[in-house]
Amino acid sequence: MLLAVLTISDRCSQGLLTDTAGPAVVALLRQNWPGAEILTGLLPDDEDAIAVKLRELSLQGAALVLTVGGTGLGPRDRTPEATRRVMDREAPGLAEAMRFHGAGRNPFAWLSRGVAGLKGNTLIVNLPGSQRGAEESLTSIVALVRHGLEVAAGGHGHP
């Protein structure tokens, strides 16, 4: 199975800040999908570049693409817009579940604008850019993502 983690950050892409959230998400993927091939990338907050990379990863056959960052209210936070440009169908429950889970620990989680959906058979999920937010968000939806990937790949079983 091919998985991808794409960190979206102007400061990290310029070498001004070290990406800790992306590697933390990769570690969680390794725990939950041992043996999966995991591609990683780092992009600035550029909507066009993000959309191009998401399409590229989908064409490469990635089952899951997790973006990390660019989901806030800042003027350059454009990851949800890029994701919406690419996806064919939304899966809003994943983003809702992450916000609900996160808000139990930090009320500012409600400000995340992350989205989730499918581009073909590729599930794309926007995670927050902080390490803690990304880890907690992914952990809160792992079971949903696992089942979603099975269904997107053509499986019809229900848990």
Side-chain angles (χ1 to χ4, degrees), residues 1-34 36-88 90-92 94-103 105-142 145 149:
M1 176 179 289
L2 180 61
L3 311 175
V5 176
L6 186 60
T7 299
I8 313 297
S9 169
D10 284 336
R11 290 181 291 172
C12 288
S13 68
Q14 295 167 359
L16 302 174
L17 194 65
T18 300
D19 176 23
T20 59
V25 168
V26 169
L28 283 171
L29 289 178
R30 289 195 196 292
Q31 288 174 10
N32 288 281
W33 285 273
E37 180 183 356
I38 303 173
L39 303 176
T40 61
L42 177 60
L43 290 176
D45 290 285
D46 178 289
E47 186 176 333
D48 291 334
I50 298 165
V52 166
K53 189 64 176 178
L54 292 175
R55 284 188 191 96
E56 183 181 294
L57 290 166
S58 178
L59 287 171
Q60 285 180 267
L64 175 66
V65 176
L66 299 173
T67 65
V68 180
T71 63
L73 298 177
R76 297 219 7 109
D77 290 333
R78 305 294 297 173
T79 303
E81 288 74 18
T83 304
R84 280 193 182 98
R85 282 173 44 185
V86 170
M87 65 185 174
D88 304 317
E90 287 195 49
L94 292 172
E96 292 165 10
M98 289 187 294
R99 279 188 280 274
F100 180 79
H101 178 81
R105 290 159 175 71
N106 179 352
F108 293 108
W110 290 117
L111 295 176
S112 173
R113 300 180 315 106
V115 298
L118 291 163
K119 168 67 175 164
N121 293 337
T122 301
L123 180 59
I124 303 169
V125 179
N126 301 155
L127 301 174
S130 73
Q131 180 177 341
R132 179 177 164 207
E135 289 173 325
E136 288 181 357
S137 293
L138 179 55
T139 299
S140 73
I141 62 166
V142 163
V145 168
L149 292 177

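We number each residue from 1, following the sequence as shown. The basis for the numbers below is simple: all heavy atoms, side chains too, and nothing from hydrogens, waters or symmetry mates.
Counting all heavy atoms, side chain and backbone alike, G120 lies closest to D88 at N-OD2, 2.6 Å. When all heavy atoms are compared, the tightest approach of R30 to A36 is NH1-O, 4.4 Å. Smallest separation of non-hydrogen atoms from F100 and W110: CA-CH2, 3.9 Å. Closest approach of A97 to S140, counting heavy atoms only: O-OG, 4.3 Å. For the residue pair H101 and E136, the shortest heavy atom distance occurs at CD2-O, 3.7 Å. Here the closest heavy-atom approach between residue G70 and residue P80 is recorded as O-CD, 3.2 Å.
Using modelled atom types, one side-chain atom of R113 and one backbone atom of D77 make a donor-acceptor pair closer than 3.5 Å. With hydrogens and angles disregarded, no donor-acceptor distance shorter than 3.5 Å links the side chain of R78 to the backbone of D48. Between the side chain of R76 and the backbone N or O of D45 there is at least one donor-acceptor pair closer than 3.5 Å. Checked by atom type and distance alone, the side chain of S58 pairs as donor or acceptor with a backbone atom of K119 at under 3.5 Å. Checking side-chain atoms of S112 against main-chain N and O of A109 turns up no donor-acceptor pair under 3.5 Å.
Judged as a salt bridge (charged side-chain N to carboxylate O under 4.0 Å, His left out), and not counting sequence neighbours, E90 has no contacts. Listed by chain and number, the residues in a side chain to side chain donor-acceptor pair (under 3.5 Å) with E56 are K53 (sequence neighbours excluded).
No side-chain heavy atom of L118 sits under 4.5 Å from any side-chain heavy atom of M87. At least one side-chain heavy atom of L39 sits less than 4.5 Å from a side-chain heavy atom of Q60.
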**Study point:** Verdict with supporting geometry, N126 and T71, side-chain hydrogen bond (donor to acceptor under 3.5 Å, both in side chains)
**Key:** CA-CA 7 Å; N126 301 155; T71 63; over 6 Å; no
**Study point:** Test side-chain contact (heavy atoms from CB on, under 4.5 Å) applied to L54 and L6, step by step
**Key:** CA-CA 9 Å; L54 292 175; L6 186 60; 4.3 Å; yes
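Note that CG of L28 and OG1 of T139 are 4.5 Å apart. Values are rounded to the nearest 0.5 Å. Atom CD1 of I141 sits about 5.0 Å away from atom CG of L94, to the nearest 0.5 Å. With rounding to the nearest 0.5 angstrom, the CG atom of D19 is 6.0 Å from the CG atom of L42. Summarising the geometry, atom CZ belonging to R132 is positioned 8.0 Å from atom CZ belonging to R105; distances are rounded to the nearest 0.5 Å.
With L123 as reference, L149 is the one residue of V65, L149, L66 to meet the side-chain contact (heavy atoms from CB on, under 4.5 Å) rule. For the pairing with L3, the side-chain contact (heavy atoms from CB on, under 4.5 Å) check across L57, V26, N32, L29 returns one residue only, L29.
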